Amino acid sequence: MRLLDENLNALQARLQTSRFGRTAKWLDVVDSTNPLALDWAKRGAPTGSIVAAEFQRKGRGRFDRSWLAEPGENLTFSLILDASELSEKLELLPMALAVAVAQTLDEVVPTHRPQIKWPNDVLLAGRKVCGMLIESAIASVPSSRSGQVVAGIGINVNQSRFPPELAETATSLFQVLGGPCDRVQLLADLLLELELAFDLLIGGDGARLLQRYESLLFGRDRPVNFRRVESGREEEGMLLGVDDSGGLRVKTAGTIEILRAGEVSFRQPKPAG
Ligand code: BTN
């Protein structure tokens, strides 16, 4: 695990944050940045510390999936946050992080408006450009409101092609912009947005964040398939928006249901005729 000082120095020179990214490790090859950050968090890394890597051998996604990213092309990093600063606002953290990523990408991509697929995938042109995996440092109590939280963020930046199983659903900034993007500058810009969103959240302005989140939400007022984590059952409904704690509001036969954990997918409109 070599430390990449060149990237780190360039990042520090461009940071405009007060806390986020000020303590940082940028490594070349790791299994996954999340466990490294969790371990560092337990050993006292301050809020806003990050662990970035050029390549993850075992990049992790939600629902025990893998996160695949070509070496040296993308952003794969984990951000350490103090959950006690968030207390009962912890449930809005995924929303705040997604808004920060979408706002950052909005500045970079003039041609497309980023959107958020509940809870925190960020899409460009309807395809996934960023995924997040939020984990707690207190492994046995994942919903604990004390201790540290690690937000693992993967952004497809300069990857020009994806393996066949992702080619239809994933995209990168390279694909959308038609050329490369400065990863270090992007990370510096993103850390500023993340810090602003985090401060808004701990400052008690969750309502403003949720308003922004809803305005970026993909598939509003559209038919949606959703799968609850608890039952694993696939159900159908109409996506309405989110509630005060970031749960997804879905209208099913006559009732409004709130999805707190799970996954959504969208049905293709039936071809006319
Ligand atoms: C998902 O969309 O399923 C979540 C993907 C999260 C990927 C990031 S990359 C940095 C961090 N380390 C990991 O192993 N995963 C997260």
Side-chain angles (χ1 to χ4, degrees), residues 1 4 7 11 20-21 24-41 45 48-81 93-102 104-105 114-124 126-137 139 142 148-159 162-163 165-173 183-184 186-187 190-191 194 217-219 226-227 229 246 248 261-266:
M1 283 198 299
L4 301 179
N7 289 358
L11 176 67
F20 282 29
K25 293 182 188 178
W26 198 314
L27 303 163
D28 60 352
V29 180
V30 303
D31 280 347
S32 160
T33 55
N34 263 23
L36 293 174
L38 284 167
D39 183 55
W40 197 20
S49 304
I50 62 160
V51 181
E54 289 295 283
F55 181 60
Q56 301 186 113
R57 281 181 291 240
K58 296 180 186 162
R60 287 156 41 172
R62 295 175 69 223
F63 306 114
D64 285 328
R65 293 177 189 141
S66 313
W67 181 258
L68 303 172
E70 289 290 313
E73 307 280 16
N74 300 297
L75 283 178
T76 46
F77 70 99
S78 300
L79 170 68
I80 297 171
L81 298 166
L93 181 64
M95 284 72 225
L97 301 176
V99 167
V101 172
T104 307
L105 298 187
Q115 290 187 294
I116 298 170
K117 179 165 170 267
W118 185 88
N120 55 6
D121 286 350
V122 180
L123 313 180
L124 275 173
R127 293 178 180 207
K128 181 158 164 174
V129 68
C130 169
M132 297 178 209
L133 179 65
I134 299 175
E135 296 183 284
S136 167
Q148 307 270 43
V149 168
V150 159
I153 302 182
I155 304 184
N156 301 326
V157 185
N158 288 327
Q159 185 159 337
F162 291 91
E165 67 273 22
L166 296 178
E168 296 292 306
T169 52
T171 193
S172 64
L173 291 176
R183 276 187 312 152
V184 173
L186 182 70
L187 181 56
L190 174 58
L191 287 166
L194 287 166
L217 189 62
F218 182 75
F226 60 99
R227 189 178 56 78
V229 165
L248 194 72
E263 210 177 8
V264 294
S265 59
F266 293 88

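Just so it is clear, the model here is predicted, and its values are computed rather than measured. All ligand and atom numbering here is 1-based and tracks the order in the structure.
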Checklist outcome for this item: From the list N156, D121, T169, side chain to side chain donor-acceptor pair (under 3.5 Å) partner of K128 resolves to D121
Item to check | Closest protein heavy atom to atom 11 (C) of ligand 1, given as residue, atom name and distance to 0.1 Å | outcome: T33 OG1, 3.3 Å
Item to check | Residue part near ligand 1, for F77, under 4.0 Å between non-hydrogen atoms | outcome: backbone
Checklist entry - Does A37 offer a backbone N or O that forms a donor-acceptor pair with the side chain of S78 under 3.5 Å? => result no
Checklist entry - Around atom CD of E168, are there more than 12 heavy atoms of other residues, nucleotides or ligands at under 6.0 Å? => result no
Item to check | Nearest neighbour in protein (non-hydrogen) for atom 5 (C) of ligand 1 | outcome: W67 CE3, 3.4 Å
Next on the checklist: Checking the N or O distance criterion of under 3.5 Å, is ligand 1 in contact with S32?
Outcome noted: yes
Checklist entry - Is there a heavy atom of Q56 sitting under 4.0 angstrom from any atom of ligand 1? => result yes
Checklist outcome for this item: atom 2 (O) of ligand 1 has as its nearest protein heavy atom K128 NZ, 2.5 Å
Next on the checklist: For the CG atom of N74 and the CD atom of Q56, what is their distance to the nearest 0.5 Å?
Outcome noted: 10.0 Å
Next on the checklist: Tell me the protein heavy atom at minimum distance from atom 3 (O) of ligand 1, and give that distance in Å.
Outcome noted: R62 N, 2.7 Å
Item to check | E135/R60 salt bridge by N-O under 4.0 Å criterion | outcome: yes
Checklist entry - For atom 15 (N) of ligand 1, which protein heavy atom lies nearest, and how many Å away is it? => result R60 O, 2.7 Å
